[in-house]
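Below: the structure, in structure tokens.
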Amino acid sequence: WTVWKGLTNETDYEYVITSLEDKLDSSDFTLTNITGTLPINKGGTGATTASGALSNLGIATTEYTPTGLNNCTVTGCKVYKTLDRVYLEGYISVLPTSTSAHQVRAANLPEACRPTVNSRGLAYIKSNDNVVYPIALEVTTTGNAIFTGIVGVQSGSSFSYQTVYFSTSYHVDN
């Protein structure tokens, strides 16, 4: 406390308040006074575009379509990778057979998007009469997305395509 100086009278106090008010005039902090690109260390993003801002903030977004295995076509799949998380969402068209009606693999996520441990997520199919059936989704450390519980739509001896929708997120190492 030896470096602190006490205010001895009301005049000293008013002088300090006036000085602070002069220094902290709100007009100094308007957006019109900010020019150029505001760096991250000053509260900005260091970029002039959305994609540049995401990249500078460590939110690199990758869109990836994995290859289809086991009688399925990957119709739409997006992988968003941020700092240490991956967000996987999309849908696949499955042509089940008697051997693949209960498990389908939509596989080969890029190595940077593989979980550190096997991860589980949400998947479902919707029937023609709008009934939703849940399916187990597991993303393995080798980059496979495995859907279990798919019930084949069989007409006579043949199967028809089904659409499987899925969404999950999990931790990844950087």
Task: Ile135 and Phe166: CA distance, side-chain angles, deciding distance, side-chain contact (heavy atoms from CB on, under 4.5 Å) verdict - done: CA-CA 9 Å; Ile135 299 169; Phe166 52 93; over 6 Å; no

Task: Sequence-distant partners of Leu38, side chain to side chain contact (heavy atoms under 4.5 Å, CB included), two or more places apart - done: Ile34, Lys42

Open item on the list: Could you walk me through whether Asn56 and Thr45 satisfy the side-chain contact (heavy atoms from CB on, under 4.5 Å) test, starting with their C-alpha distance in whole Å, then the side-chain angles of each, then the deciding distance to 0.1 Å, before giving a yes or no?
Closed with: CA-CA 7 Å; Asn56 290 348; Thr45 63; 5.5 Å; no

Task: Residue pairs involving residues 38-59 (criterion ring-ring contact (aromatic ring centres under 6.0 Å, His included); sequence neighbours excluded) - done: none

Task: Contacts of Thr168 that satisfy side chain to side chain contact (heavy atoms under 4.5 Å, CB included) - sequence neighbours left out - done: Leu88, Ser119, Leu137, Val139, Tyr170

TODO: Could you tell me which non-hydrogen atom of Leu109 sits nearest to which non-hydrogen atom of Cys113, and how far apart they are?
DONE: CD1-O, 4.1 Å

TODO: Indicate the atoms forming the closest heavy-atom contact of Ala47 with Gly52, along with that distance.
DONE: CB-C, 3.4 Å

- [ ] Provide the closest heavy-atom pair for Thr116 versus Thr141 in the form atom of the first, atom of the second, distance.
- [x] O-CG2, 3.6 Å

TODO: Just do the side-chain contact (heavy atoms from CB on, under 4.5 Å) check on His171 and Asp84 with the steps written out, would you?
DONE: CA-CA 6 Å; His171 180 266; Asp84 62 350; 3.6 Å; yes

Task: Between OH on residue Tyr133 and CD on residue Gln162, distance to nearest 0.5 Å - done: 9.5 Å

TODO: Only counting residues at least two apart or in another chain, list the ones meeting side chain to side chain contact (heavy atoms under 4.5 Å, CB included) with Val117.
DONE: none

Task: Under the side chain to side chain contact (heavy atoms under 4.5 Å, CB included) test, residues paired with Thr142 that sit two or more places apart - done: Thr140, Asn144

Task: Residues which pass ring pair (Phe, Tyr, Trp, His ring centres under 6.0 Å) with Tyr124, listed by chain and number, not counting sequence neighbours - done: Tyr165

Task: Sequence neighbours excluded, every pair satisfying salt bridge (charged side-chain N to carboxylate O under 4.0 Å, His left out) that has a member inside residues 137-147 - done: Arg120-Glu138

- [ ] List in chain and number order the residues that pass side-chain hydrogen bond (donor to acceptor under 3.5 Å, both in side chains) with Ser169, two or more places apart in sequence or in another chain; answer none if no residue qualifies.
- [x] Arg85

